[in-house]
Amino acid sequence: VQLQASGGGLVQAGGSLRLSCAASGSISGINTMGWYRQGPGKQRELVAFIRYGANTYYADFVKGRFTISRDNVKNTIYLKMDSLKPEDTAVYYCFADAYLRSWGQGTLVTVSS
């Protein structure tokens, strides 16, 4: 499975961004897709994921601000990020779980105060 992430950028605090992650290749076995992030000097942390049946999980620090969605026809997931905070600044990595976990290349989100 190959993953192509996009949508990062620079935004002011309180603003919004939408990340996308498109899957290609051996996609038939994909069940869960989601996002991790790694901020400056921090460990990588799970942000959100969505299962094929649309069950979702959100980390406490993004609940009510971020929304994950999935287009099974386009094999793409989206992460709509609202009310962004400077502490959301990180490289965001998408992943897909099939028989193995695959990772996207990361997209940088920078939130200025």
Side-chain angles (χ1 to χ4, degrees):
V1 176
Q2 292 79 48
L3 301 175
Q4 181 66 46
S6 60
L10 174 64
V11 65
Q12 289 188 332
S16 299
L17 283 175
R18 190 180 79 156
L19 306 182
S20 300
C21 178
S24 61
S26 300
I27 62 175
S28 61
I30 294 177
N31 181 357
T32 302
M33 295 182 69
W35 298 88
Y36 277 76
R37 73 184 187 186
Q38 187 165 16
K42 298 181 180 179
Q43 291 187 330
R44 190 173 294 194
E45 57 188 359
L46 178 63
V47 177
F49 65 75
I50 184 167
R51 299 194 190 281
Y52 188 82
N55 292 334
T56 58
Y57 163 87
Y58 296 95
D60 286 343
F61 52 80
V62 302
K63 281 182 180 177
R65 300 189 299 122
F66 291 10
T67 304
I68 191 168
S69 60
R70 182 168 181 163
D71 185 332
N72 289 325
V73 174
K74 295 183 179 180
N75 301 307
T76 300
I77 61 168
Y78 305 95
L79 186 68
K80 180 70 187 314
M81 305 185 294
D82 296 316
S83 302
L84 283 162
K85 305 174 181 179
E87 51 264 43
D88 293 318
T89 295
V91 177
Y92 285 71
Y93 298 91
C94 64
F95 71 90
D97 288 341
Y99 304 105
L100 297 173
R101 173 163 288 184
S102 299
W103 292 94
Q105 81 282 14
T107 185
L108 177 62
V109 173
T110 303
V111 184
S112 63
S113 57

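Of all heavy-atom pairs spanning M33 and A23, the tightest one is CE-CB, 4.1 Å. Shortest non-hydrogen contact noted between V1 and A96 is CG1-CB, 4.4 Å. S83 and S16 get closest at one heavy-atom pair: N-OG, 4.4 Å. Taking both residues in full, the closest heavy atoms of L79 and A48 are given as CD1-CB, 4.4 Å, listed atom of the first, atom of the second, then distance. Shown here for K74 and Y78, the closest heavy-atom pair between the two residues is CD-OH, 4.1 Å. Contact record, Y93 with G104: CD2-O, 3.9 Å, taken as the closest heavy-atom pair.
D71 and T76 share no donor-acceptor pair across their side chains, judged by distance under 3.5 Å alone. A donor-acceptor contact closer than 3.5 angstrom links the side chains of T32 and R51.
V62 places a side-chain heavy atom less than 4.5 Å from the side chain of V47. Under the 4.5 Å side-chain criterion, counting only non-hydrogen atoms from C-beta, Y92 is not in contact with Q38. By the 4.5 Å heavy-atom criterion applied to side chains, V111 and L10 are not counted as neighbours.
Note that CG of L84 is 5.0 Å distant from CZ of F66, once rounded to the nearest 0.5 Å. The line from CG of D82 to CG of L17 is 9.5 Å long, rounded to the nearest 0.5 Å.
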Test log, rule ring-ring contact (aromatic ring centres under 6.0 Å, His included), inputs F95 and Y36: CA-CA 8 Å; F95 71 90; Y36 277 76; 5.4 Å; yes

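Of the possible donor and acceptor atoms, one in the side chain of R70 sits under 3.5 Å from a partner among the backbone N and O of I50.
Taking the six-membered ring where the residue is Trp, the centroids of F49 and Y57 are separated by under 6.0 Å.
Pairs passing the disulfide (SG to SG under 2.5 Å) check and including a residue from residues 9-113, sequence neighbours excluded, read C21-C94. Pairs engaging residues 104-113 under the side chain to side chain donor-acceptor pair (under 3.5 Å) rule: none recorded [sequence neighbours left out].
Within the cation-pi definition used here (under 6.0 Å to the ring centroid, within 45° of the axis), R44 qualifies as a partner of W103.
With a 6.0 Å radius and a threshold of 12 heavy atoms from other residues, nucleotides or ligands, Y52 has its OH atom at or below the threshold.
Criterion: ILVMFWY side-chain heavy atoms under 4.5 Å apart, direct or through other members. Under it, W35 and I27 are part of a common hydrophobic cluster.
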